[in-house]
2 protein chains.
Amino acid sequence: MNDDAMDLRARNSQATREAISHAALRLAIEQGPHGLALVRVHDIATAAGVSPRTYNNYFSSRAEAICAFQADQSRRVGQALRSRPADEPLDQAVIAAVIELYTNPEPDRAGLSMIMSTPELEGEALKAFSMAEGPLAEAIATRTGTERDLFPAVMAAAIAGAIRVAGRRWLEPGNPEPFAAILRHALSCVFP
Amino acid sequence: MNDDAMDLRARNSQATREAISHAALRLAIEQGPHGLALVRVHDIATAAGVSPRTYNNYFSSRAEAICAFQADQSRRVGQALRSRPADEPLDQAVIAAVIELYTNPEPDRAGLSMIMSTPELEGEALKAFSMAEGPLAEAIATRTGTERDLFPAVMAAAIAGAIRVAGRRWLEPGNPEPFAAILRHALSCVFP
DNA sequence: CCTGATATTGCGTGCCACGCACTATATGCG
DNA sequence: CGCATATAGTGCGTGGCACGCAATATCAGG
């Protein structure tokens with residue numbers, strides 16, 4: 001995961017990928033939720049310093065490029081849980097892992113708002129959040145030992161859903177609460 | 001919701017909508033998850049007995065047409081919960097409502113499998129399942145009185161996730177359990 | 001039967017995803 | 001250090017899709 005772990009080719013590739021997704025999200029934010037159709041592939045590619053064809057080698061749709069950061073973030077949830085001490089109770093471990101991952105740094109309000117409140121991005125945004133479920137379910141299974149049960153998968157889906165709902169609440173206008181507090185509150189609904 | 005509740009125009013419209021989505025799902029199943037790209041708009045429209053342009057008046061993408069039935073099903077979850085007796089505990093009411101809705105009749109294995117195991121439909125499928133969340137959260141809020149809390153939304157997301165996970169498990173090859181049993185098991189993970 | 005409203009359709013347009021072939025650049029080995 | 005090979009970037013062409021617009025067909029109700 002660290003850059004040092006890859007050779008030059010892989011690091012260049014990663015940098016290009018991030019340049020494209022970053023440009024895509026920035027342009028989308030500039031146009032706002034109602035002008036997404038105006039964000040053309042050509043603009044994204046140009047802003048990222050690559051050809052339109054190269055953009056399409058990394059992402060197969062504008063929505064995927066725009067939501068790539070959120071998807072990457074989700075993919076890290078499982079690993080974040082695994083890095084918690086093994087003797088910590090599941091609920092505390094999950095809450096600590098999620099809060100650590102999602103508040104360091106605090107998410108970008110504009111980006112999250114763009115992703116979560118643009119109808120044309122809804123499917124891709126849900127996909128991005130649900131990317132957490134697979135690895136998270138595995139991490140839960142190894143932690144609890146209930147490997148062949150429905151429990152890990154259901155719990156992972158519930159946690160991913162709670163994170164999503166917390167994000168929605170955090171974005172509501174005039175909400176002074178820090179994201180961490182809302183996250184903790186939402187997750188506490190899952191672990192009664 | 002009953003056909004008698006609409007005038008002739010609305011019923012025709014509904015019939016057309018169902019003809020299109022039904023044709024779309026049928027053709028998608030015929031081609032299988034790996035041949036989705038071969039299901040062309042023209043074929044869907046022809047199979048439904050309408051022009052391609054009319055297809056596009058009802059759905060704005062093939063994925064939306066294919067997943068329409070699942071989306072409609074999800075939209076009914078809130079109402080199903082509301083129709084449970086008010087004095088029933090939340091967990092029992094939810095479980096009864098969901099099982100009633102999702103096993104009467106038993107879902108179509110081929111259709112559900114197509115929707116849930118085709119990567120290109122993943123976003124739309126997640127959207128379809130998440131359609132339950134809004135109405136379901138409202139139904140939970142009115143039932144529990146916790147209107148302004150995160151609880152209803154988080155619980156709704158968890159329930160929708162549990163239904164989705166149950167569907168995935170039910171589709172696993174060589175699984176003899178009836179859907180109702182898996183659903184009950186999955187939902188019991190949400191209500192500890 | 002007539003009239004206004006709604007549904008259906010045909011046509012044209014801009015854009016997008018992607019296959020293919022070619023070039024440029026990095027990597028590893030003799 | 002050069003050379004062979006693998007991998008990234010690019011240009012071009014193609015098929016298809018979503019949708020705006022305007023014309024037409026169909027229907028409800030007086």
Side-chain angles (χ1 to χ4, degrees), chain A residues 3-25 27-28 31 33-68 118-124 127, chain B residues 3-25 27-28 31 33-68 118-124 127:
Chain A
D3 286 1
D4 312 334
M6 342 181 193
D7 59 356
L8 201 160
R9 290 187 106 100
R11 265 182 293 134
N12 276 345
S13 199
Q14 183 70 9
T16 303
R17 182 185 177 81
E18 277 168 19
I20 295 173
S21 71
H22 187 265
L25 182 55
L27 292 177
Q31 298 295 333
H34 301 296
L36 208 171
L38 303 181
V39 178
R40 308 226 211 281
V41 163
H42 175 265
D43 305 328
I44 298 175
T46 301
V50 295
S51 83
R53 188 62 184 83
T54 297
Y55 143 87
N56 215 16
N57 285 341
Y58 284 87
F59 300 102
S60 54
S61 75
R62 277 167 302 160
E64 189 183 336
I66 293 171
C67 299
T118 301
E120 296 159 273
L121 294 179
E122 192 186 343
E124 199 65 32
K127 229 164 110 177
Chain B
D3 286 0
D4 312 334
M6 342 181 194
D7 60 356
L8 200 158
R9 291 190 106 100
R11 266 183 291 137
N12 276 346
S13 200
Q14 181 71 10
T16 304
R17 182 186 178 82
E18 278 168 18
I20 296 173
S21 71
H22 187 264
L25 182 54
L27 293 177
Q31 299 295 333
H34 301 295
L36 208 171
L38 303 181
V39 179
R40 308 229 208 282
V41 163
H42 175 264
D43 304 328
I44 298 175
T46 301
V50 296
S51 84
R53 188 60 184 84
T54 297
Y55 144 87
N56 218 14
N57 285 341
Y58 283 88
F59 301 101
S60 55
S61 75
R62 278 167 303 156
E64 189 183 336
I66 293 171
C67 299
T118 301
E120 297 158 271
L121 293 179
E122 193 185 343
E124 199 66 31
K127 228 165 111 176

Proximal nucleotide (of dA18(D), dC18(C), dT10(D)) relative to the Asn56(B) side chain: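 Between dA18(D), dC18(C), dT10(D), the one nearest the side chain of Asn56(B) would be dA18(D).
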
For the student: nearest non-hydrogen atoms of His42(A) and Pro52(A), plus distance: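 Shortest heavy-atom separation between His42(A) and Pro52(A) comes out as CD2-CG, 4.3 Å.
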
Heavy-atom closest pair, residues Ala65(A) and Ser21(A):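 Minimum heavy-atom separation between Ala65(A) and Ser21(A): O-CB, 3.3 Å.
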
Quick one: [X] [atom1] to [N] [atom2], roughly how many Å, whole number?
X	N	atom1	atom2	value
Phe59(A)	dC16(C)	CZ	P	16 Å
Arg11(A)	dT25(C)	CZ	P	18 Å
Ile44(B)	dG16(D)	CD1	P	13 Å
Tyr58(B)	dT6(C)	OH	P	13 Å
Asn12(B)	dA25(D)	CG	P	18 Å
Leu38(B)	dC18(C)	CG	P	14 Å
Glu120(B)	dC16(C)	CD	P	18 Å
His42(B)	dG15(D)	NE2	P	16 Å

Is Arg53(A) side chain donor-acceptor paired with the dG13(D) base, going by distance under 3.5 Å alone?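 Under the 3.5 Å cut-off, the side chain and the base do not form any donor-acceptor pair.
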
Can you find an N or O donor on one side and an acceptor on the other, under 3.5 Å apart, linking the side chain of Arg62(B) with the base of dG16(D)?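 When only heavy-atom distances are counted, Arg62(B) does not reach the base of dG16(D) through any donor-acceptor pair under 3.5 Å.
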
Would you say [X] reaches [N]'s phosphate, i.e. side-chain N/O to OP1/OP2 under 4.0 Å?
X	N	result
Arg40(A)	dC15(C)	yes
Thr16(A)	dA8(D)	no
Thr54(A)	dT10(D)	yes
Ser61(A)	dC16(C)	no

Quick one: label Tyr55(B) by what it contacts on the DNA or RNA (base, sugar-phosphate, nothing), any heavy atom closer than 4.0 Å.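 Sugar-phosphate contact only - Tyr55(B) comes under 4.0 Å of backbone atoms but never of a base.
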
Which part of the nucleic acid, if any, lies within reach of Ser60(B) when heavy atoms closer than 4.0 Å are counted: base, sugar-phosphate only, or nothing?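 Contact class for Ser60(B): sugar-phosphate only.
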
Nearest-nucleotide 5' precedence on DNA chain D, Ala63(B) against Asn57(B):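 Going by which nucleotide is closer to the 5' end, it is Ala63(B).
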
Determine the sole option in Thr46(A), Ile66(A), Val39(A) for which the side chain to side chain contact (heavy atoms under 4.5 Å, CB included) test with Leu27(A) is passed.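 Checked Thr46(A), Ile66(A), Val39(A) against Leu27(A); only one passes side chain to side chain contact (heavy atoms under 4.5 Å, CB included): Val39(A).
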
Whether the side chain of Tyr55(B) engages the backbone of Asp43(B) through a donor-acceptor N/O pair (distance < 3.5 Å, no angle test) should be reported.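 Checking the backbone N and O of Asp43(B) against the side chain of Tyr55(B), no donor-acceptor pair under 3.5 Å is found.
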
Side chains of Tyr58(B) and Glu18(B): does their closest heavy-atom pair fall under 4.5 Å?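 No. Closest side-chain heavy atoms not under 4.5 Å.
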
